[in-house]
Structures are given as C-alpha cells and as structure tokens.
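Have a look at the structure below, then the notes.
Throughout, protein chains are lettered first and strands after them, A, B, ... in sequence-line order, and every chain is numbered starting at 1. The shown structure was predicted, so the numbers you read here are calculated from the model rather than taken from an experiment.
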2 protein chains.
Amino acid sequence: MRADARRNYARILEVAIEAFAAEGLSVSVHEIARRAGVGTGTVSRHFPTKEALYQAIVQARLEQLAQRARELAASAPPGEALFEFVRFMVTEGATNRGLAEALGGAGFDVETAAADTGLDFGAMLRGLLVPAQRAGEVRADLDQADVKALIEGCLARERGGIDPAARDRMLAVTIRGLRP
Amino acid sequence: MRADARRNYARILEVAIEAFAAEGLSVSVHEIARRAGVGTGTVSRHFPTKEALYQAIVQARLEQLAQRARELAASAPPGEALFEFVRFMVTEGATNRGLAEALGGAGFDVETAAADTGLDFGAMLRGLLVPAQRAGEVRADLDQADVKALIEGCLARERGGIDPAARDRMLAVTIRGLRP
DNA sequence: TCTGAACCGGAACGCGCGTCCCGATTCTAC
DNA sequence: GTAGAATCGGGACGCGCGTTCCGGTTCAGA
C-alpha cells in the first residue's frame, strides 16, 4: 500500500468517526470526503460502501466495549458488573449519535456489523446478564434483547440534547426495574 | 367540495393509515397513491406535503389517546392510571410502526405534529404523571420526557417482530422502575 | 532520473424520493 | 343537455444520495 493511500485511509476513518459521532449516520459520504480533503472516489475505493466504512468504525469500537465487559466481569460482583456496563453503554451512546442510532437499528445495525467482524454484541451482553441472573441480582425472565431495548430507552431520553441529570434518572429507573 | 374529491380524500387517508401502521413512515407517497387508486397529484392536492398527510392521521389518533387518558384518570387511582396508559401506548406502538417511529422521532415527531393541531402529547402525559407522583406511586424526580423515553424503550424491544411475552417483561421492568 | 503502476479527484450516472404542472376528464348547477 | 369550474392522472422536475468511471497525477523502485 502506497504511503499516500495509507494516509488517506487513516484520515477518512478519523473524519468519519468524528462525523458519525457528532451528526449520526445520516452524514453523506460526499461530506465525509469533503471534510477529509479527498475526492469521493478515494472514499469509495477504501470503503466500497458506506456500510463498509461504518463497519470499520464499529469493529474497533466493539472491541473496546468487549474489553470493558471483560474487565467488569472480572472486577465486580455479577449484578454490579451488568449495571455498570449498562451505565457505560448509555454514557457512550449519549455522546455518540452514530452508536446510538446503530443500537436503535436506524441505518445499520450493530449486531449485523458485529456479526461480519466475528464479534457478537448480543453474546457480550448475555455474558454479563446470565451470571447476574444466577446470582439472583437480576430478574431471571429477562433476555439480552430486553436489556438492549432498555438501554435504547435511556438513549432516547437524550436524543434532543445531552442531559446528564436525566441520564441518571433513566439509569436509576432502569436498574431498579432490572432487579428481581 | 365535490363528491369525488371527498371520496378520494377519505380513501387516501384510509390507505395511508394502514400503510404507515404496517410499514412505517418510509412508505412513499407514490406508493400510497398507487394503493389508493389515484394519481400522485391527487394526494398532493389534498395533502400538500407528506408531513401534512401524516399530521392528519396523527391528529385523529391523538384525540383517541387523549380520550383514553381522560378515561383512565377518571376511573383508576393515579398510579394505576399512568401505568395503564403506558401499557396502552406500548401495545398501540407495537402494532403500529408509524406511531412507534413518530414517538422515536424518526421521520416526523409526534410532538411537532401535535403542536400544529393544538393537542400536546407532553401535556397529556404530564396530566397523568403529576397526580401519580403526588399520590406517591411514582418517583417524584421524573418528568414526562423520561416516561416517554421509557415507552420508547419498550417499543424498541419489538422492533424486530411482535412478541407479546417480551412486551409484558419490558412493561413489568419499566413499571417496577417507575415506583419510588 | 525515469517509468509504469498505483492512486487521486470529481464529474457523471442511476435511483427514489417529494413536489409541481397541465391537458384530459368528471361532476354539478342551471 | 350543456357549459364551465373543479378535479383528476401521471409524466416531468429538482434534489441528494451512494456509487462508478476515467483522464490526470503522484509515488516508488530501478
């Protein structure tokens, strides 16, 4: 790979991460190309599709999330590990419109993007949920899709603007509801 | 208004209600015209804009919701009235994609549509929430936007397909969380 | 330095959307 | 029955999107 190509690849990715986080998935490929100071063809060559561009971003992000999940599982009691992960996801989503939209299935889906990269968001969540249920700290009838939807609800609250106080209220209500 | 115009108006509205409920707000105006057996011009004349068409639908629906809210406020204790309304909204939204999307702000917003028609969804929710809080049956720190977001969370669970059992779980978690 | 392969930029394309326009049609009042 | 106004149908338009293409440019190895 030529040096200029590698530079452009990195720059496009960098700009796209920022743009998707700030404005959501609806930012156009043209706009990303413009901000990166390259032509649209250059974007298309490195990422044949808008979805491919987004997948490249999601992949890196999911690895971070998975690592966070592992840390929590190792360092906290099962219930608290799940609750803390929920808090983490909501905080991330509140400041990252692209992530929030992907969780909500608007545009591309996290799970689809994850599946293509070998990671599995659902399994990750289940890995925290099941131990918490076994420990009796979370209702036994719930599945990981329920938890994901509850996270989406928390994110919905801040769609009109960041509001940490509201976020805390939503998290309190949600975590309270998760308990048996 | 000519008789045929009135007929077309009604038919378009009828088809649009069904289409938006079944497929969401992304159904095209062309498609609605096709299904109604009229030209696209006829739709545009009666409803100058796609948003205007959706507003006409929302208006009627909001009046139903408002009536339901009044009934509940009159016939049930404050806490139960709010909980039952939440259940009602979630059940409605689960079988009506257009309503769910409008609540989620994808496409047009219920509140915007409501504001233009003199109805106010937020105020409606507040009218049930505040008495429930006064009665000590719901956390005092929540506002109506919180409740709306929690409803959205419940709806998110069924985005991939109707699942009444999951709906009951989500409602149980949510209502549990609302309590002080 | 020179050459050719890799890479670039952005105009061009196809698509589907919402909206507008106008000749043809249909209803209604007389 | 007839005139004329109201209404209709659907082709045409403009827009923005994601994607493709290709003539020009830049890099890197000999």
Output every pair passing side chain to side chain donor-acceptor pair (under 3.5 Å) with a member in residues 23-34 of chain B, not counting sequence neighbours, ordered by first then second residue. B:Glu23-B:Arg35, B:Glu31-B:Arg34, B:Glu31-B:Arg35
Enumerate the residues from residues 10-33 of chain B whose closest heavy atom to DNA chain D is under 4.0 Å, giving them by residue number; use none for an empty result. none
Scan residues 40-61 of chain B against DNA chain D and write down, sorted by residue number, each residue with any heavy atom closer than 4.0 Å; if none is found, say none. B:Thr40, B:Gly41, B:Thr42, B:Arg45, B:His46
Name the first nucleotide and the last nucleotide along DNA chain D (5' to 3') that come under 4.0 Å of a heavy atom in chain A. D:dC17 to D:dA28
What heavy-atom pair brings A:Lys50 and A:Val27 nearest, and what distance separates the two atoms? NZ-O, 2.9 Å
List the residues meeting salt bridge (Lys or Arg N to Asp or Glu O under 4.0 Å) with A:Glu71, not counting sequence neighbours, and say none if there are none. A:Arg68
Polar pairs (N or O, both sides) under 3.5 Å between protein and nucleotides 27-30 of chain C?
from	atom 1	to	atom 2	distance (Å)
C:dT28	OP1	B:Ala3	N	3.1

Output for pair (A:Asp163 CG, A:Met170 CE), nearest 0.5 Å, gives 11.0 Å
Expressed in angstrom and rounded to an integer, what is the separation of B:Asn8 atom CG from C:dT25 atom P? 17 Å
The side chain to side chain donor-acceptor pair (under 3.5 Å) partners of A:Arg87 (sequence neighbours excluded) come to A:Glu80, A:Glu84
Using a 6.0 Å cut-off, check whether atom CD of B:Glu63 has over 12 heavy atoms from anything other than its own residue. yes
Which pairs with one or both residues in residues 148-180 of chain B pass ring-ring contact (aromatic ring centres under 6.0 Å, His included), sequence neighbours excluded? none
Among residues two or more places apart or on two chains, list those pairs meeting ring-ring contact (aromatic ring centres under 6.0 Å, His included) that have a residue in residues 57-98 of chain A. none
Give a yes or no answer on whether the side chain of B:Glu101 reaches the backbone of B:Leu25 with a donor-acceptor pair at less than 3.5 Å. yes
Could you work out, with ring-ring contact (aromatic ring centres under 6.0 Å, His included) as the rule, every residue matching A:Phe108, not counting sequence neighbours? A:Tyr54
Contacts of type salt bridge (Lys or Arg N to Asp or Glu O under 4.0 Å), residue B:Arg169, not counting sequence neighbours: A:Asp143, A:Asp146
Report the residues that fulfil salt bridge (Lys or Arg N to Asp or Glu O under 4.0 Å) with A:Arg2, sequence neighbours left out, ordered by chain and then residue number. A:Asp4
